[in-house]
Amino acid sequence: RAGFDPQDARRDVPVLHRTVNGRPLVWLDNGATTQKPRQVVEALGAYYSAANSNIHRGAHTMAREATEAYEGGRAAVAGFLGAASPESIVFTRGTTEAVNLVAQTWGRASLGPGDEILVPVLEHHSDIVPWQMIAKEKRARVVPVPLTADGAIDQDAFADLLSFRTRLVAVSQASNVLGTVPPVREMTALAHRYGAKVLVDGAQAVAHFPVDVEELGADFYVFSGHKLFGPTGIGALYGKPEVLAAMPPWQGGGNMIDQVDFTGSTFAPVPHCFEAGTGHIAGVVGLHAAIDWLTSFDRQAVAAYETALLAHAEQALAAVPGLEILGSAPGKIAVLTFTLAGRDPAEVARWLDAEGIAIRAGHHCAQPSLRHYGVESAARASLALYNTAEEVDRLASSLLRLVQSSS
Ligand code: PMP
């Protein structure tokens, strides 16, 4: 479909048509999770109603069908990310588990005393804490890469911090708090000159613009299905084939082995050696449906629509006295984290909720990002392709009434 009309997306998403507190819902909490099109809900229902089976074992028809569905999902994720081979895709519970997998396998095998992991200040806690944990164990160091005043990664500082001690750069392709879209391709190329690996956290990016891991050149790319209009509890890790092949397995158990004997066990090939136990088969089916749904739209047109919606939102919110938006890096995506003078963000969220408008208040699992702006908590309206200018106007007028309702 050429061009993009948000009504085409809205029609498919049942939750968007409910009311909350007597008002039509305005869902502006897409940074926390996205709403699900009926195609995803139906795919989950159809799987459990007609096709449920465990996979990779049992020589019966439904096991074969479930295996095909699961591996079809892997191929869909590979296609979605621009990965040459489905074997580059490991299913995980989500972004958090994917980062922990890399930290615990690649990290444990590769890091040593004095090694450095560069982590920009804008990272989500799930791209900070797993590195701190493995760094502590291996006596390596997590080195923060500072931000500029507008919330971009300071590229001069990044270039200065890179050295032959750098073993990994862990960077988001889009910030879930500031909306910043760092120049990940350039950062990856620079990091590779020092022999460092690069992990890209795509959790906040994948729903907003097309991704091509081959073009990015990243060694690892991770994302969560639930932020991509798919189910919770499913996500993926992309790894370059030669990098995955050199990594030890993570959790031990069924499905990840070749031979088990009390003298020792051997492991299944990549990616199965990283998928111990029964996975979220239905989740993979739902994620596949979500990818099919999102890619049925003209994604360049979707990105352009969201950029225009961001500009509209920035303008509408500028009319609210005392409102300050955190993050203004050029090319940012439609995430509006803000403070309102004299108001606790939790109070702002409660006020909006009473009017059917869902935003999030708190630290958004990115405390260092907020501290960069000198705050511990903020309100966040995060937009998706199914949001409209009318919804943004409802947000702005409600905030204006809150300010005017004053004390
Ligand atoms: N990284 C970023 C940039 C995110 O936006 C999120 C989710 N808000 C995560 C990581 C963590 O994702 P999950 O909780 O699905 O593992």
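Remember, it's 1-based here, ligands and their atoms both numbered in the order they're listed. Below, each value reflects all heavy atoms present in this structure, side chains not excepted, and no hydrogens, waters or symmetry copies. In this chain, numbering begins with 1 at the start of the sequence shown.
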Heavy-atom nearest neighbour in the protein, as seen from atom 10 (C) of ligand 1, with distance rounded to 0.1 Å:
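Among all protein heavy atoms, the one nearest atom 10 (C) of ligand 1 is Ser126 OG, 3.1 Å.
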Should one rank Arg360, Lys227, Glu97 by closest heavy-atom distance to atom 5 (O) of ligand 1, which comes out on top?
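Answer by nearest heavy atom: Lys227.
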Minimum distance, heavy atoms only, to atom 13 (P) of ligand 1: which one of Gly94, Gly225, Ala205, Ser224 is it?
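Closest candidate by heavy-atom distance is Ser224.
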Cut-off 3.5 Å, side chains only: do Asn100 and Gln104 have a donor facing an acceptor?
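There is no such pair (donor and acceptor under 3.5 Å, judged by atom type) between the side chains of Asn100 and Gln104.
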Distance under 4.0 Å to a non-hydrogen atom of Asn176: what atoms of ligand 1 satisfy this?
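Those qualifying, in numeric order: 5 (O).
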In ligand 1, which numbered atoms sit nearer than 4.0 Å to a non-hydrogen atom of Gly31?
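Contacts of ligand 1 toward Gly31, numbered from 1: 8 (N).
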Which part of Thr96 is near ligand 1, with near meaning a heavy atom under 4.0 Å away: side chain, backbone, both or neither?
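Both backbone and side chain of Thr96 come within 4.0 Å of ligand 1.
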Would the distance check show the side chain of His125 and the main-chain N or O of Gln367 forming a donor-acceptor pair, the cut-off being under 3.5 Å?
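Answer holds: yes.
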Can any side-chain N or O of Asn176 pair as donor or acceptor with the backbone N or O of Gly31 at less than 3.5 Å?
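Pair absent, no side-chain N/O of Asn176 close to backbone of Gly31.
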I want to know whether Phe229 and Tyr386 have ring centres closer than 6.0 Å.
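Yes.
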Suppose we call two aromatic rings close when their centres sit under 6.0 Å apart. Are His272 and His56 close by that rule?
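His272 vs His56: aromatic centres under 6.0 Å.
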Among the heavy atoms of Asp201, does any lie under 4.0 Å from an atom of ligand 1?
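Checking ligand 1 against Asp201, which is what was asked, there is a heavy-atom contact under 4.0 Å.
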How far does OG1 of Thr95 sit from CZ of Arg93, to the nearest 0.5 angstrom?
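CZ of Arg93 is found 11.0 Å from OG1 of Thr95.
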